[in-house]
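In what follows, a structure is listed as structure tokens, so that the remarks can point back to it.
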Amino acid sequence: MSPKRRILVTSALPYANGPIHLGHTLEAVQTDIWVRFHKLRGHECLYVCADDTHGTPIMLKAQADGLSPERLIAQVHVEHARDLADMLIGLDNFGSTHDAENGAICARMYRGLDAAGYIVKRTIRQAYDLKANMFLPDRYVKGTCPNCGAPDQYGDSCEVCGATYSPVDLKNPVSAISGTAPVERDSEHYFFRLSAFEDRLKSWIKSGAVQQSVAHKLDEWFSQGLKDWDISRDAPYFGFEIPGAPGKYFYVWFDAPIGYLASFAQLCARTALRFEDFFAADSSVELHHFIGKDILYFHALFWPAVLEGAGMRRPTGVHAHGFLTINGQKMSKSRGTFITTRRYLESFPPEYLRYYYAAKLGPGIDDLDLNLEEFATRLNSDIVGKLVNIASRCAGFIGKTAGGRLADALPEPELFAAFAAAAGTIAAAYEGRDYAAAVREIMALADRANQYIDQRKPWLLAKQAERASEVQGVCTQGLNLFRTLMIYLKPVLPAMAAKAEHFFQEPDWTWEHAAAPRLGAPIRPYEPLALRLDPAAVARLVEPAAAAAPAAPANSATPAAAAPVSIDEFMRIDLRIAKILAAEFVEGADKLLKLRVDVGDLGERDVFAGIRAAYTPADLVGRLTVVVANLAARKMRFGVSQGMVLAAGPGGRDVFLLSPDAGAAPGMRVK
RNA sequence: GGUGAGGUAGCUCAGCUGGUUAGAGCGUGGCACUCAUAAUGCCGAGGUCGAGGGUUCGAGUCCCUCUCUCACCA
């Protein structure tokens, strides 16, 4: 065993404008397994994270929800903390980038950067929304691409031709916030001189801080030349004001990674840990960041440079992972594949997903697909059929024929030794974040354990009373093989391991426990450690979430990028002209109206629509509109909704039902 | 467009520095067993390792070209 290491680990900060979904969970699980593994090995390993709470999207979402930003992020923080905890993510601290500690550290680091000459001021021209009285981030300006003429493109790049530009280059630009045409205005911004760090960053990357393929990726950026980084934003902005610069705020991406430090500072404040030990320039403590590959730029260039510029240590490792896809497709709300962690947890234990992720996670930045069918068969086969089965098929004999006591010796110590000898390769796989390799190795051993039991056939021996001690021996062997495997899997399956510890009457297994068998000790009666998954229940995860309102829930706060669809995909949506025959208020629902609509050939049906604030039943009866006719029926508290009426607008009173021109008749297909 | 990753049995993947008839799990066909949450064990079917060319005594493994997929681009 290596000498005791001191390690601080982070995973990326979830943004506080939405729930934790399975993509966040993938990263949290990857990080948590790594942390638990090191703890199991006896190292001092700490894991901190925080909510990322600043920036324009949060500010606008809070406005739209009629809340203060502080209130919004406080609510989200509670949900995020609960979701992560319920996934058994063992965070030592979960803070917020809006916490006072973060403001203080940001200010301190900024002063350090400024004093060292790494901050420069420069005036830039930027799009300004005269109606909303604010400068517009690139993503909040839309218009026609100056390069290829594609309409409706964002202010930073064109999704059609790939050109990049600044919002002021767009033709016919429009503010996504007010809908008015923005003007250009000058503003003084503060820049971090990233270019000054090129050599130091290159040597840092050479130190092995990032994966090989990531290093290649970074080379590309180096070869283009590092640009200085704009770290300021003008008021109104939800964030921290820059010291000595009234009306100027730190850009959200400046204070977000500093949130790692702030969260750790909170941990220090309530323990004996010393912040300086971890972040002084000469710190020997390891610092590891787990992130998605999309934010490599911030973590592998800006972040080490900012730390270094502020006179602090650099990260030991930045580990990027790929994205989660579901049934082979990007997570998408419209496909029903946007699965929140809460929704998963309502039906399934956290460890099933943890195991599945572990079984498929390699050290690279490949995407990982959650195939729901495979998820169910894999869990049932690996965990229930193989692993837990070892204990399940042995425990009964120990109870019945051996008085609940393990034998004093193993009949085949060399088989146990083979299991114990795997510790090295399994540990190396965990350390290198190749959990899939670790799981493969463990499951291969589980196969061997089942083979062993099959060969020795304790159920036959048990029929001969004089061979009782043989039965006890075989089952002691089997249980010890199981025990070693559970110890190896403890980072992935902490709760199941705890149950197994209870079964063996041992407290807190460490990695070393796997090396020696448990002998001559009593065990508790066996209780099932894992239940089978019902594939049908798993499949239901991708059915439409029950939470969203039925009428087009246009959330105007964030201009969401609609991914392109093929004509075939579009044609799968059966849009029909419908005539509203009747409309009524729904008892107990303050947003819904119940509509009876005539869809021609398709007959009449009931549709619930969240348009009560905008329309009264009298407004609607007799008019024509458009419905999605093949939307899966959804059971609501008030009845079953058999479709969706189409409407535009941000919601509330500003909802506008679609109407066809004269001549359209109920049942006509819209295409 | 640039860059990165990847295309190996129906599915998910492993194949280290090139070397015997290309592997695993799941699924599938058959047999056995009945201790175990219809779990387990054994046997089998199933692959021209994306395509083409090259280097080599020998290439899934190295080089080149092409092709397809996925991802990222301050």
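Sequence lines set the chain letters: A, B, ... in the order given, protein chains first and strands last, and positions in each chain run from 1.
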Within the 6.0 Å centroid threshold, strictly below: A:F503 and A:Y526:
yes

A:A376 versus A:L533, closest heavy-atom pair with distance:
CA-CD1, 4.0 Å

A:D382 side-chain N/O to A:M443 backbone N/O, donor-acceptor pair under 3.5 Å:
no

Can you tell me which nucleotide in B:rU34, B:rU12, B:rC72 comes closest to the side chain of A:F323?
B:rC72

Are there runs of at least three consecutive Watson-Crick or G-U pairs touching RNA chain B, with each pair's two distances under 3.5 angstrom? Give them by first number.
B:1-7 with B:67-73, B:10-13 with B:23-26, B:28-32 with B:40-44, B:50-54 with B:62-66

Separation of the P atoms in B:rG52 and B:rU8, to the nearest angstrom:
16 Å

C1' gap between B:rG18 and B:rG30, integer Å:
39 Å

Centroid-centroid distance, A:Y249 to A:F240, less than 6.0 Å
no

Provide, to the nearest angstrom, the distance between the CG atom belonging to A:D294 and the P atom belonging to B:rA71.
12 Å

A:D255 side chain vs A:T97 backbone, donor-acceptor pair below 3.5 Å
no

Between CG of A:L368 and C1' of B:rC70 the distance, given in whole Å, is 13 Å

Give the C-alpha distance, both sets of side-chain angles, the deciding distance and a yes or no for salt bridge (Lys or Arg N to Asp or Glu O under 4.0 Å) between A:E188 and A:K248.
CA-CA 9 Å; A:E188 185 171 61; A:K248 303 289 179 187; 5.8 Å; no

Considering only the P atoms, how many Å lie between B:rC16 and B:rG6, rounded to the nearest integer?
12 Å

Given atom CZ of A:R378 and atom C1' of B:rA24, what is their separation to the nearest angstrom?
10 Å

Using the C1' atom in both, what is the distance from B:rU40 to B:rU56, to the nearest Å?
47 Å

Quick one, A:H288 with A:H319, criterion ring-ring contact (aromatic ring centres under 6.0 Å, His included). Give me CA distance, side-chain angles, the key distance, then yes/no.
CA-CA 7 Å; A:H288 294 269; A:H319 311 296; 5.1 Å; yes

Gap in Å between the two P atoms, one belonging to B:rC43 and one to B:rG25, rounded
11 Å

Does any N or O in the side chain of A:Y488 come within less than 3.5 Å of the main-chain N or O of A:F419, such that one atom is a donor and the other an acceptor?
yes

Separation of B:rG25 atom C1' from A:I383 atom CD1, nearest Å, is 13 Å

What's the OH-P distance between A:Y355 and B:rG25, to the nearest Å?
13 Å

When the P atoms of B:rG47 and B:rG54 are considered, how many whole Å apart are they?
27 Å

Report yes if the distance between the aromatic ring centroids of A:W34 and A:F290 is under 6.0 Å, otherwise no.
yes

Interatomic distance at P, B:rC31 relative to B:rA36, whole Å
24 Å

Which letter, B, S or -, goes with each nucleotide of nucleotides 35-47 of chain B from 5' to 3', with contact meaning a protein heavy atom under 4.0 Å?
BBB-SBSS-----

Length of the line joining A:I326:CD1 and B:rC11:P, which is rounded to integer Å
20 Å

At 4.0 Å (heavy atoms only), tell me whether A:K360 reaches a base, stays on the sugar-phosphate, or touches nothing.
sugar-phosphate

Atom CD of A:E374 and atom P of B:rC26 are separated, to the nearest Å, by 12 Å

Rounded distance (Å) that lies between atom P of B:rG25 and atom CE of A:M443
13 Å

Could you give the distance separating B:rA51 and B:rG10 at their P atoms, to the nearest angstrom?
14 Å

I want to know whether A:F348 and A:Y352 have ring centres closer than 6.0 Å.
no

